[in-house]
Amino acid sequence: MTTAIQLTPQDTIERTLELAAAEGAQGCVVLVAETSSANLRWANNTLTTNGAMRGSSVTVIATVGAGEGTAAGVVGRSSVTDTSLRELVSAAVAAARESGPAEDARPLVDGTVGPGWDEEPDETDVSVYENFAPALGEALTKAGQENRWLYGFADHEVITLYVGSSAGLRLRQSLPRGYVTANGKSGDLSQSAWVGAATHDFSDIDPLAIDAELTRRLSWATRTVSVEAGRHPTILPPAAVADLMTHMYVKLDGRDAHEGRSVFSKAAGGSRVGEVLSPHPVRFWSDPLLHGLETFPFVVVRSSAGCESVFDNGLTLAATDWIRGGKLENLMQSRFTAALTGAPAVTPPIANYALSVDGATGSVDDLVAGLDHGLLLTCLWYIRVVDPQTLLLTGLTRDGVYLVENGEVTGAVNNFRFNESPVDLLARFTAAGATVPSFSREWGDEFSRTATPPLLVPDFNMSSVSQAN
Amino acid sequence: MPDVDASFLALPRHELADAALQRAKDLGATYAEFRLERIRSESISLRDSVLESAHDDEDLGLAVRVIHDGTWGFAAGVALSTDEAVRIAEQAVNLAQVSRPINSEPIELADEPIYDDVSWVSSYEVDPFTLPRAEKVALLTDYSDRLLNAEGVSHVTVHVASVNECKFYANSEGTSTTQQRIRIGPQLQATAIDPETGRFDSMRTLAPPAGRGWEYLTGTGWNWDEELAQIPGWLAEKMAAPSVEAGRYDVVVDPSNLWLTIHESIGHATELDRALGYEANYAGTSFATLDKLGTLEYGSPIMHVTGDRTAEHGLSTVGYDDEGVAGQQWDLVKDGVLVGYQLDRRMAQVNKDVLGTDRSNGCAYADSAGHVPIQRMANVSLQPATDGPSTEELISRVQNGIYIVGDKSWSIDMQRYNFQFTGQRFYKITDGKLDGQLRDVAYQATTTDFWGSMEAVGGPQTYVLGGALNCGKAQPPQSGAVSHGCPSALFRDVRILNTTQEAGR
């Protein structure tokens with residue numbers, strides 16, 4: 001049996017940097033990620049799968065001189081031991097030597113030892129569900145007794161990331177993240193409802209309360225109404241707004257816009273920075289310290305692409321306005337692309353965002369109360385880009401579309417396929433509520449740190465009816 | 001046929017499995033299985049002929065799944081030691097015990113013959129991981145230059161993903177399998193920008209990802225020289241093409257587009273876990289529910305669709321699945337009627353009376369050691385007509401229609417009824433002949449209406465194995481690779497949208 005030794009993250013980084021220097025690397029950045037997670041999945045009122053996983057990965061970014069420039073080699077491995085570390089470093093240095101000068105090459109980010117550097121990785125395990133699991137069992141039993149069906153998933157993970165570099169950087173950050181997403185259906189499967197939420201530790205998640213909300217929504221379907229496709233006044237709750245805005249967020253690439261191949265490109269050349277996108281006081285921003293949505297406060301990049309550069313690893317992230325007062329303020333920029341495109345600031349992507357409308361207050365219920373006739377969505381699904389020029393998206397409504405009449409929900413209607421652009425929606429919405437933490441139905445498992453308001457769109461394009469329920 | 005990589009065979013597969021399985025049995029598990037997986041992946045990207053990134057990853061780990069007191073328990077880790085294997089087995093049993101109160105269906109598995117220490121390797125010639133990176137980048141730079149230097153091309157992106165997947169599986173019934181699969185997904189895209197209007201559009205290569213090695217990039221299985229020479233002209237024609245008039249048209253769909261429609265409207269719809277509701281909270285359910293087996297008219301009587309884990313170069317092709325079941329081929333839709341599903345061992349056992357079989361057809365798969373096996377898609381393919389027509393003959397049967405080539409945007413609802421797809425190129429068909437490209441085209445339909453409108457399928461000479469590397473399913477999310485073969489096919493009276501009008505412009 002193997003005698004290989006698992007190193008601590010700190011030792012892995014120090015030894016990697018020594019080995020890289022010995023191999024002749026000009027510089028080196030090391031990312032060590034220690035992960036643990038535990039999940040429960042249920043369907044048809046019973047458990048279907050579960051899991052508890054532990055992972056460990058090491059990414060080595062070695063740099064070498066390449067002609068007039070600098071080349072980078074990136075190699076990642078899981079399950080790295082004292083004996084396999086040498087091969088990993090050699091592979092990264094060799095990869096750098098096989099590559100030409102990197103156009104995004106910049107001096108590695110300077111730094112010192114950050115807080116908590118010496119601490120061990122944080123972990124999670126199935127004990128996070130100590131209170132949740134019994135309550136879930138109670139909810140599943142109750143649903144069966146009341147002729148309803150429950151389906152869902154609960155996941156909790158902790159990532160502890162260590163970043164070290166030959167320029168002196170020593171950073172450690174631990175990020176917990178959990179979420180639950182739950183679907184309820186009527187006994188005959190003809191009606192569906194959904195609730196999703198993000199959490200840090202499941203102490204604030206009550207399966208019985210989720211079941212109660214699903215039951216409330218299913219009760220709205222006592223009356224069902226067929227509605228034709230067309231442009232309808234439509235209330236998008238925060239989850240649906242996040243479904244759409246995440247697509248806009250990932251298209252804020254400054255280089256693509258500058259090159260003329262993005263919805264944020266100006267027809268005459270250059271980007272639309274400075275252009276008013278909305279007549280409303282819309283703010284769309286990211287901040288690694290957003291309360292409740294905290295994320296890594298420094299750049300973490302394992303592969304250069306577009307506005308992200310491996311040379312920027314460790315760069316301190318600051319709050320960034322993408323849109324302010326309805327005007328496009330910034331696009332995402334690495335140090336390289338900022339210089340390439342003439343952007344006034346280096347504004348890398350940040351793994352959270354918030355959308356707000358200055359002065360907007362109230363909830364979905366308040367928007368419903370103010371609507372004479374229209375639709376209320378629950379969430380959206382299978383959203384894809386149809387036309388990058390306009391950022392036209394297609395997708396479907398899911399798990400509850402409701403008819404609003406005279407300020408009240410009066411029944412459930414069929415599902416729809418939509419064709420809409422989130423950039424256009426910012427110009428067309430006519431009312432908004434307060435910004436709250438939201439959980440995108442489609443992208444929440446990947447990008448859950450979002451806060452959005454509900455919006456009323458007077459002419460949301462329902463392209464066709466979907467029979468799905 | 002190549003051998004399994006020696007460095008993987010050198011890992012202590014059997015020792016780790018024995019330790020884990022024995023510990024699980026000692027703790028009372030009635031069934032246990034062990035996986036040791038090593039997945040090497042490489043991603044190379046060029047932007048305007050400059051290397052943008054090259055990333056080499058290796059994910060190595062081990063997993064144990066048990067049935068304890070009728071309940072699943074799963075755990076995974078990374079340290080390759082017997083201590084860790086034992087710890088994971090204990091954790092899996094612990095998770096089953098914690099989960100027992102919320103499980104109301106005792107787990108039973110369909111029987112499968114025992115395969116004792118067998119090996120299987122996919123069909124390829126050159127493992128991409130044996131070549132110097134510089135050699136690979138040089139070839140891709142050459143391909144990129146050919147596009148970038150052409151008139152009218154403003155930008156070119158290149159991306160090649162390569163995977164070498166080695167997997168060892170052993171269960172408490174006595175089966176143990178060792179397998180190696182290679183897959184590769186190359187894509188080059190040219191973008192044109194009109195400097196006066198700012199309008200831009202793109203055209204990409206149609207080479208599907210495949211269960212092949214690096215030889216795929218040098219001419220085996222795809223003619224790169226020919227396609228790269230044609231793309232600039234196609235792109236220029238698309239930029240100058242008229243916008244489509246929305247309406248209903250007869251359409252001839254090329255295999256380069258139809259594979260994706262098959263994936264979404266047949267492949268996912270015939271997954272039994274979806275039909276049973278296991279995916280209801282995530283990817284969705286299926287209109288093709290179990291009560292419709294043998295009666296649902298899925299499409300026209302010429303429709304014959306198979307599930308297949310054995311097709312050469314298929315991305316979902318295996319020797320044995322992740323429950324130790326041997327690869328098979330079977331019918332899903334025959335003469336236009338739903339006749340089968342994709343199964344794993346649990347679903348086969350529970351539903352054997354309705355299915356008419358008590359054997360899994362081998363569709364269990366986990367995308368890494370860190371994930372539990374779930375029911376994943378086989379290579380689901382539309383069969384061609386023996387002595388069937390060519391694509392040109394199909395086009396000749398259309399008076400006023402559209403010929404659709406290549407996939408682009410795709411979306412379908414959570415029960416697999418309503419879909420909308422776009423493509424790379426759309427040709428107007430007038431009086432049985434191609435009449436120049438159109439732009440801003442999408443087609444939208446309901447699954448059974450669309451397949452019911454299929455009037456003819458092409459012959460074997462039109463058959464192409466398409467596919468995807470990144471099919472998503474399950475919670476936590478897993479990524480699967482799958483191929484779909486199909487001929488060209490003719491559909492009558494399909495709704496065509498103008499995407500510019502859909503955007504309100």
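Numbers restart at 1 for each chain; the letters A, B, ... are given by sequence-line order, proteins then strands.
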Partner chain A: residue of [options] with the largest heavy-atom pair count (under 4.5 Å):
options                        : answer
B:K408, B:R40, B:R199, B:R416  : B:R199
B:S202, B:G198, B:P195         : B:G198
B:Q415, B:E105, B:Q91, B:R47   : B:R47
B:F419, B:W410, B:F421, B:Y278 : B:W410
B:M414, B:R133, B:E135, B:R100 : B:M414
B:G73, B:A369, B:G61, B:G284   : B:G73

Please state whether the side chain, the backbone, both or neither of [X] comes within less than 4.5 Å of a heavy atom of chain A.
X      : answer
B:A63  : neither
B:P132 : both
B:N94  : side chain
B:F287 : neither
B:F74  : both
B:S154 : neither
B:R346 : side chain
B:T191 : side chain
B:T157 : side chain
B:E42  : neither
B:R65  : neither
B:R439 : neither
B:I193 : side chain

Per-residue contact mode, [X] against chain B (heavy atom under 4.5 angstrom):
X      : answer
A:P134 : neither
A:V310 : neither
A:A102 : neither
A:R41  : side chain
A:W194 : side chain
A:K185 : side chain
A:A72  : neither
A:E446 : neither
A:R428 : neither
A:S309 : neither
A:V385 : backbone
A:L136 : both
A:T397 : backbone
A:N415 : side chain

Worksheet item: Which one of B:N418, B:T446, B:I412 satisfies the side chain to side chain contact (heavy atoms under 4.5 Å, CB included) criterion with A:S466?
Response: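 Only one of B:N418, B:T446, B:I412 forms a side chain to side chain contact (heavy atoms under 4.5 Å, CB included) with A:S466, namely B:N418.
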
Spacing of [atom1] belonging to [X] relative to [atom2] belonging to [Y], to within rounding of 0.5 Å:
X      : Y      : atom1 : atom2 : result
B:W72  : A:T49  : CH2   : OG1   : 10.0 Å
B:R38  : A:S79  : CZ    : OG    : 12.0 Å
A:L40  : B:I102 : CG    : CD1   : 5.0 Å
B:L60  : A:S57  : CG    : OG    : 12.5 Å
A:L396 : B:Q420 : CG    : CD    : 9.0 Å
B:N281 : A:D399 : CG    : CG    : 8.0 Å

Worksheet entry | Worked check of side chain to side chain donor-acceptor pair (under 3.5 Å) between B:Q444 and A:S464 | CA-CA 9 Å; B:Q444 204 179 81; A:S464 58; 2.8 Å; yes

With no hydrogens and no angle check, do the side chains of [X] and [Y] hold a donor and an acceptor under 3.5 Å apart?
X      : Y      : result
A:N50  : B:S99  : yes
A:Y151 : B:E279 : no
B:E58  : A:S78  : no

Beyond-backbone contact of [X] with [Y], side-chain heavy atoms, under 4.5 angstrom:
X      : Y      : result
B:R495 : A:S463 : yes
A:N419 : B:T499 : no
B:R505 : A:T390 : yes
B:T447 : A:Q467 : no
A:T181 : B:Q475 : yes
B:E502 : A:V386 : no

Practice prompt. Sort by residue number and list every member of residues 49-56 of chain B having a non-hydrogen atom under 4.5 Å from chain A.
Written response: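 The residues closer than 4.5 Å to chain A, in numerical order, are B:V50, B:L51, B:E52, B:S53, B:A54, B:H55, B:D56.
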
Would you say the side-chain atoms of [X] pair up with the backbone N or O of [Y], donor to acceptor, closer than 3.5 Å?
X      : Y      : value
A:Q389 : B:F200 : yes
A:D445 : B:P476 : no
B:S411 : A:I383 : no

Worksheet entry | Proximity of A:W381 and B:Y282 rings by center, below 6.0 Å |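 For A:W381 and B:Y282, the ring centres are under 6.0 Å apart.
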
